[in-house]
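These notes concern the structure reproduced below.
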Amino acid sequence: QVTLTESGGGSVQAGGSLRLSCTASRRMFWNNGMGWFRQAPGKESEFVAAISWNGGTTTYGDSVKGRFTISRDNSKNALYLQMDSLKPEDTAVYSCAAGRRAVSGRDRGDYTYWGQGTQVTVSS
């Protein structure tokens with residue numbers, strides 16, 4: 001049984017920052033790409049960012065590029081998402097996911113395990 005647990009969500013004003021964390025229940029993701037997705041009420045799931053197994057390759061969704069930074073610390077089984085210059089349209093539930101391969105992409109089908117999500121609310 002593998003569990004991914006997100007933390008760090010909350011409420012912030014526009015222009016502020018939050019840092020999300022995702023921890024895995026056991027050490028099995030060193031060789032897997034990982035990613036973040038988000039879903040706002042009434043909207044489809046949206047790709048946010050992905051990172052390769054060693055952190056050497058990162059990919060971002062167009063709406064967050066230049067504002068969000070994905071990183072990982074394999075020694076801690078942890079994935080992070082630094083979110084800066086937040087906008088009200090960033091309001092959503094953010095979920096982390098573990099990929100099937102060393103490099104994961106933008107499709108949900110690239111991922112095997114999912115966390116429950118953490119709420120991020122940005123007020124104007």
Side-chain angles (χ1 to χ4, degrees):
Q1 184 74 21
V2 175
T3 302
L4 298 177
T5 304
E6 302 93 342
S7 61
S11 297
V12 64
Q13 289 192 331
S17 298
L18 284 173
R19 189 191 192 209
L20 304 184
S21 298
C22 170
T23 55
S25 59
R26 61 187 177 97
R27 190 172 293 176
M28 66 171 290
F29 299 125
W30 285 4
N31 293 325
N32 296 78
M34 297 193 73
W36 288 96
F37 287 75
R38 68 185 183 186
Q39 187 163 19
K43 295 187 177 181
E44 294 186 353
S45 176
E46 177 186 9
F47 169 76
V48 176
I51 189 167
S52 62
W53 70 279
N54 64 351
T57 301
T58 57
T59 307
Y60 295 93
D62 291 341
S63 61
V64 306
K65 198 173 298 182
R67 300 187 297 121
F68 290 11
T69 303
I70 189 172
S71 61
R72 66 190 296 165
D73 185 341
N74 287 347
S75 67
K76 298 180 180 179
N77 301 336
L79 175 72
Y80 305 103
L81 184 68
Q82 177 67 41
M83 305 187 295
D84 298 319
S85 302
L86 283 162
K87 304 175 181 179
E89 50 264 43
D90 294 319
T91 295
V93 174
Y94 285 71
S95 299
C96 64
R100 301 176 186 277
R101 295 176 293 274
V103 180
S104 298
R106 299 169 178 263
D107 294 333
R108 290 181 64 89
D110 289 343
Y111 299 86
T112 305
Y113 297 101
W114 293 82
Q116 291 296 311
T118 185
Q119 176 70 47
V120 171
T121 302
V122 184
S123 58
S124 58

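Keep in mind that this is a model prediction, so the values were computed, not measured.
Side-chain atoms of Asn74 come within 3.5 Å of backbone N or O of Trp53 as a donor-acceptor pair. Using modelled atom types, one side-chain atom of Ser25 and one backbone atom of Thr3 make a donor-acceptor pair closer than 3.5 Å. Judged purely by atom type and a 3.5 angstrom limit, Arg72 uses its side chain to pair as donor or acceptor with the backbone of Ser52. With Trp36 contributing its side chain and Leu79 its backbone, the two residues share no donor-acceptor pair below 3.5 Å. Using modelled atom types, one side-chain atom of Arg106 and one backbone atom of Tyr60 make a donor-acceptor pair closer than 3.5 Å. For the pair Glu6 (side chain) and Gly117 (backbone), a donor-acceptor distance under 3.5 Å is present.
Side-chain contact between Thr23 and Asn77 is absent, with no heavy-atom pair separated by less than 4.5 Å. The closest side-chain heavy-atom distance from Thr59 to Ile51 is not below 4.5 Å.
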Starting from the C-alpha separation in whole Å, work towards a yes-or-no answer on side-chain contact (heavy atoms from CB on, under 4.5 Å) for Arg108 and Ser45. CA-CA 9 Å; Arg108 290 181 64 89; Ser45 176; 2.9 Å; yes
Could you go step by step and tell me if Val120 and Leu20 meet the side-chain contact (heavy atoms from CB on, under 4.5 Å) rule? CA-CA 9 Å; Val120 171; Leu20 304 184; 4.0 Å; yes
Stepwise side-chain hydrogen bond (donor to acceptor under 3.5 Å, both in side chains) check, Glu46 with Ser63: CA-CA 10 Å; Glu46 177 186 9; Ser63 61; 2.8 Å; yes
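Linking Ile, Leu, Val, Met, Phe, Trp and Tyr whenever their side-chain heavy atoms come within less than 4.5 Å puts Val12 and Val48 in one cluster. Under the 4.5 Å side-chain heavy-atom criterion for Ile, Leu, Val, Met, Phe, Trp and Tyr, Tyr80 and Leu4 are members of distinct hydrophobic clusters.
Atom NZ of Lys43 has 12 or fewer heavy atoms from other residues, nucleotides or ligands within 6.0 Å. Enclosure of atom CD in Gln116 is not indicated, since only 12 or fewer non-hydrogen atoms of other residues, nucleotides or ligands lie within 6.0 angstrom.
Of all heavy-atom pairs between Ala14 and Pro88, the closest is CB-CD, 4.1 Å. When every heavy atom of Ser104 is checked against every heavy atom of Ala50, the shortest pair comes out as O-CB, 3.7 Å. Across every non-hydrogen atom of Ala92 and Ala40, the tightest pair is CB-N, 3.8 Å.
Atom CG of residue Leu18 and atom CG of residue Leu81 lie 9.5 Å apart, to the nearest 0.5 angstrom. To the nearest 0.5 Å, atom OG1 of residue Thr69 and atom CZ of residue Arg19 are 10.5 Å apart. Atoms CD and OG, on Gln13 and Ser123 in that order, are 5.0 Å from each other to the nearest 0.5 Å.
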Please output the side-chain donor-acceptor pairs of residues 94-101 that fall under 3.5 Å, not counting sequence neighbours, one pair per line with the distance.
| unit_1 | atom_1 | unit_2 | atom_2 | d |
| --- | --- | --- | --- | --- |
| Tyr94 | OH | Arg38 | NH1 | 2.9 |
| Tyr94 | OH | Asp90 | O | 2.6 |
| Arg100 | NE | Gly109 | O | 2.8 |
| Arg101 | NH2 | Asp110 | OD1 | 3.4 |

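With side-chain heavy atoms closer than 4.5 Å counting as contact, directly or through intermediates, the hydrophobic cluster containing Phe47 also holds Phe37, Tyr111, Trp114.
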